[in-house]
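Single-structure report; data block below.
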Amino acid sequence: MKTAARSELFRKLPSVDDVMRGPAVAPLAASYGHDSVADAVRVVLEGLRQEITSSLLDGNTLQFALSGLAGAVENQLRQALSYSLQPVINATGVILHTNLGRAPLGDAAIEHIRETAAGYSNLEFDLATGERGKRDVHVDRLFRKVLNEEERTAELRSAGRARVPVSTQAVTTRAVPAQAGPAGAEISTIVVNNNADAVLLALNTIADGGEVIVSRGELVEIGGSFRIPDVMAKSGAILREVGTTNRTRAADYEGAISERTRLLLRVHRSNFEITGFTEQASTAELVALARKHGVPLMEDLGSGALFDLRSVGINEGGVLDSLRGGVDIVTYSGDKLLGGPQAGLISGGSDLTARMRSNSLFRALRVDKLIYAALEATLRAYVQRDHDAIPTLRMMRLSKDEIGRRAEAVAARVESPKLKVEIVEGESILGGGAAPSSVLPTRVLALSCEGLSADEVSARLRGSDPPIIARLEEGRVLLDLRTVFPEQDAVLLSALNRIEAGRDTTQEL
């Protein structure tokens, strides 16, 4: 295009003010605000200028574009002002999908957040005395009920004596003796932002300037480049590695203990496992060693379950197992197997947690009222044994047959002639670094579409409203309804019926 012709097209572009005064654009200011509309107009006009410069528009196509200017401005407004953080449908079968926000919250937690956020609360106010209170009392009282509960211990023991099997259909809460921990200290729990913060605070409080003994096979790195040695360095503690990558015995720990030793540390191997020629000191051995030398034992569980994972077929211990076994301090996450909001939790002897509360670092790492609200509601469900109120636990407990029936119902209503849907055996995983080698049996929808690759089908599902996140395996798109809420089945079905060759869900929804 010649320069003169291009200049003529530029002259046909209206000014921002002219567009703003147009009958179709002017009303938008009432809904979106004058400044937002003006910004959208500038973006649309700049787009037209670029297309003219690139010779993508001539006189006729420019006129057509200008006739739809108001619609383009409104579309730009919606795009610019839409939320970046938005809900998605998780059809991956990964229950604690870190990229998708990990544990979804239950209805009670969401409602408690809403009522707490909408006004003032007694976050740090003692209603009985009228004086300043402590924010962690709201959840510590519930943690104490869950972790110090003796009634359930008696129930389990009674069932064992009577040879009565404990139900595997219900999630079992395992109790901790009220006198667990060193010197019979009662269990207490404090809350910080995430598990990395929990490890940082605990190490800084107990071992600042001293040595922490840890197995070489447990110097892990997990998502976001979180490395145990780096966190330890930030805490002021000195790392003392013992053993080898695959074999570390209790004698290795004992041989490294000196007057500089402040802590023995065990770290859960999140996201991986070591198999073959391996050896690991047992918890009982480390507890005995810690007691013998008067050194605390801390365990970083990472995910940290408050229920018996064996009740859903996963052979891995949780917080209650560690505390009952005599571990002094346990750190774990709130938004993983616990099923609550993102938080770092430190449970252990009240003497040690009291020291952490008084650490000035605790204030820098403390959480706000919304986290406490979500945690309080989630923990109340544990106390009431209403485990179905916690979505993470409910998803783990779903049987393969239940999931299969839902999958069959969806498949039977797929109407797209080019979309092939099969129901095949599959495996769900916990995710979030929990029990990396364990899986839950499931049945999945396997999709293939004539004229579309698996990547293209997956992209179209992500373009749905709300986006649907699937997983790809052996050239097929797999949808695992374990992580899809039942009320989302109809939305998923609607998106499937729009996937046809040459049709894009992003254009229709």
Closer than 3.5 angstrom, by distance alone: can the side chain of [X] be matched with the main-chain N or O of [Y] as a donor-acceptor pair?
X: N193; Y: L365; answer: yes
X: R471; Y: V94; answer: no
X: R366; Y: A364; answer: no
X: N195; Y: A198; answer: no
X: H138; Y: L123; answer: yes
X: D140; Y: T189; answer: yes
X: R260; Y: I257; answer: no
X: T483; Y: N90; answer: yes

Between S258 and R240, does any side-chain donor sit less than 3.5 Å from a side-chain acceptor? no
Distance-only side-chain donor-acceptor flag, R482 / T442, under 3.5 Å: no
Report yes if some heavy atom in the side chain of [X] is under 4.5 Å from a heavy atom in the side chain of [Y]; otherwise report no.
X: V199; Y: M298; result: yes
X: I314; Y: L430; result: yes
X: E473; Y: V444; result: no
X: Y382; Y: L393; result: yes
X: V410; Y: L496; result: yes
X: L96; Y: M396; result: no
X: M395; Y: P104; result: yes
X: D480; Y: T92; result: no

[atom1]/[X] to [atom2]/[Y] distance, rounded to the nearest 0.5 angstrom?
X: L461; Y: L447; atom1: CG; atom2: CG; answer: 7.0 Å
X: K400; Y: L440; atom1: NZ; atom2: CG; answer: 12.0 Å
X: I187; Y: L352; atom1: CD1; atom2: CG; answer: 9.5 Å
X: L337; Y: L309; atom1: CG; atom2: CG; answer: 5.5 Å
X: I346; Y: T205; atom1: CD1; atom2: OG1; answer: 7.0 Å
X: S322; Y: L301; atom1: OG; atom2: CG; answer: 4.5 Å

Show your working on side-chain contact (heavy atoms from CB on, under 4.5 Å) between D455 and L472 and close with a plain yes or no. CA-CA 8 Å; D455 286 335; L472 298 178; 3.0 Å; yes
So which atom in [X] and which in [Y] form the shortest heavy-atom distance, rounded to 0.1 Å?
X: T392; Y: G339; result: OG1-CA, 3.8 Å
X: A377; Y: A109; result: CB-CA, 3.4 Å
X: G340; Y: L105; result: C-CD2, 3.4 Å
X: I469; Y: R462; result: CD1-CG, 4.1 Å
X: G130; Y: F125; result: O-CE1, 3.4 Å
X: I468; Y: A91; result: CG2-CB, 4.3 Å

Working for side-chain contact (heavy atoms from CB on, under 4.5 Å), residues Y253 and H293: CA-CA 11 Å; Y253 289 88; H293 293 275; over 6 Å; no
NZ/NE/NH1/NH2 to OD/OE distance under 4.0 Å, [X] and [Y]:
X: E408; Y: R405; answer: no
X: E299; Y: R266; answer: no
X: D388; Y: R397; answer: yes
X: E376; Y: R141; answer: yes

Can you confirm whether more than 12 heavy atoms, excluding those of R394, are under 6.0 Å from its CZ atom? yes
Return yes when atom CD of E425 has more than 12 non-hydrogen atoms of other residues, nucleotides or ligands closer than 6.0 Å, and no otherwise. yes
Decide yes or no on side-chain contact (heavy atoms from CB on, under 4.5 Å) for L345 and F143, but give the supporting numbers first. CA-CA 10 Å; L345 307 170; F143 272 114; 3.8 Å; yes
Apply side-chain contact (heavy atoms from CB on, under 4.5 Å) to R310 and D321, showing your working. CA-CA 12 Å; R310 288 162 287 234; D321 294 289; 3.0 Å; yes
